[in-house]
Trainee: 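Dropping a structure here in structure tokens format, bear with me for questions.
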Amino acid sequence: MQNLRRNPKYTFTNFTGDIPEGRFYLRMIDNSTSLDDIRENREFYMYADKCRINIYSEGDPVKQVRIYNLQGQQLDHVTAINEEMVSFDLKECREQILIVRIQTEKELISKKILVRP
């Protein structure tokens, strides 16, 4: 792994075509709240883009999403989604850490996310 901020020179050789094994993923995450934000399992991820929360759950459709502040108050609730990719705008947009609870067909996931306007 190479930190491009410390050493911005990076070269590599790659082949064209469909090569499922050995591909690398370039992820740029600014101000991540924890190491858990970067998951080795790439089947699920979530990120905030300004006041929009984006959720991707490959092969396991999202059924509902609940958003809580750190005091435990529910801020938003979206149901009957049934999509692998979900994006929605927050009603109250300010810098804050939120807890997002995602119910998929297979599991219940709770994650913290930093939101910045």
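Hydrogens, waters and symmetry mates play no part in the numbers below; they use all other heavy atoms, side chains included.
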Trainee: In chain order, what residues pass the side-chain contact (heavy atoms from CB on, under 4.5 Å) check against Asn82, with sequence neighbours excluded?
Mentor: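 So Asn82 forms a side-chain contact (heavy atoms from CB on, under 4.5 Å) with Lys63.
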
Trainee: For atom OH of Tyr47, decide whether the heavy atoms of other residues, nucleotides or ligands shown that lie under 6.0 angstrom number more than 12.
Mentor: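 Counting neighbours around OH of Tyr47, 12 or fewer heavy atoms of other residues, nucleotides or ligands fall under 6.0 Å, so no.
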
Trainee: Looking at Ile81 and Gln64, what are the two nearest heavy atoms and their distance?
Mentor: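 Looks like CD1-CA, 4.0 Å.
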
Trainee: So how far is it from Met85 CE to Ser57 OG, rounded to the nearest 0.5 Å?
Mentor: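 Going from CE on Met85 over to OG on Ser57, the span is 10.5 Å.
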
Trainee: Charged N to carboxylate O under 4.0 angstrom, Lys91 versus Asp76?
Mentor: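 So Lys91 pairs with Asp76 through a salt bridge.
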
Trainee: For Lys106, what residues pass the side-chain contact (heavy atoms from CB on, under 4.5 Å) criterion, not counting sequence neighbours?
Mentor: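 Testing Lys106 for side-chain contact (heavy atoms from CB on, under 4.5 Å), a comparison that skips the adjacent residues, returns Asp60, Thr104.
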
Trainee: Just so I know, are the side chains of Val62 and Glu84 near enough to count as touching, which here means a heavy-atom distance under 4.5 Å?
Mentor: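 Counting from C-beta outward, Val62 and Glu84 never come under 4.5 Å.
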
Trainee: Please report the interatomic distance CZ(Arg66) to CD1(Ile99), rounded to the nearest 0.5 Å.
Mentor: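 Interatomic distance, Arg66 CZ to Ile99 CD1, rounded to 0.5 Å: 14.0 Å.
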
Trainee: Given the rule in the side-chain contact (heavy atoms from CB on, under 4.5 Å) test, do Leu114 and Arg116 qualify, once you have shown the distances and angles that lead to the verdict?
Mentor: CA-CA 7 Å; Leu114 174 62; Arg116 289 186 169 164; 3.9 Å; yes

Trainee: Calculate, to the nearest 0.5 Å, the distance between atoms CZ and CD1 belonging to Phe88 and Ile67 respectively.
Mentor: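 Interatomic distance, Phe88 CZ to Ile67 CD1, rounded to 0.5 Å: 3.5 Å.
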
Trainee: To the nearest 0.5 angstrom, please state how far the CE atom of Met46 sits from the CD1 atom of Ile55.
Mentor: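 Met46 atom CE to Ile55 atom CD1 measures 6.0 Å (nearest 0.5 Å).
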
Trainee: What are the two closest heavy atoms between Leu98 and Asn69, and how far apart are they?
Mentor: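 Where Leu98 meets Asn69 most closely, the heavy atoms are CD2-CA, 4.0 Å.
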
Trainee: I'd like to check Tyr68 versus Leu75 (side-chain heavy atoms, cut-off strictly below 4.5 Å). Are they in contact?
Mentor: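 Side-chain contact under 4.5 Å: no.
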
Trainee: Do Val115 and Leu90 have side chains that approach each other closer than 4.5 Å (heavy atoms only, starting at C-beta)?
Mentor: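 Yes, at least one pair of side-chain atoms sits under 4.5 Å.
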
Trainee: How long is the span from the OG atom in Ser87 to the CD1 atom in Ile53, to the nearest 0.5 Å?
Mentor: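 Rounded to the nearest 0.5 Å, the OG-CD1 separation comes to 10.0 Å.
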
Trainee: Does any part of the side chain of Lys50, heavy atoms only, come nearer than 4.5 Å to the side chain of Pro117, both counted from C-beta?
Mentor: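 No, side chains not in contact.
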
Trainee: Heavy-atom distance under 4.5 Å between the side chains of Leu108 and Ile102, does that happen here?
Mentor: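 A side-chain contact is absent here, since even the closest heavy-atom pair is not under 4.5 Å.
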
Trainee: Looking at SG of Cys93 and CZ of Arg52, how far apart are the two atoms once the value is rounded to the nearest 0.5 Å?
Mentor: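 Answer rounded to 0.5 Å: 11.5 Å.
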
Trainee: For Glu83, what residues pass the side chain to side chain donor-acceptor pair (under 3.5 Å) criterion, not counting sequence neighbours?
Mentor: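 Testing Glu83 for side chain to side chain donor-acceptor pair (under 3.5 Å), a comparison that skips the adjacent residues, returns none.
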
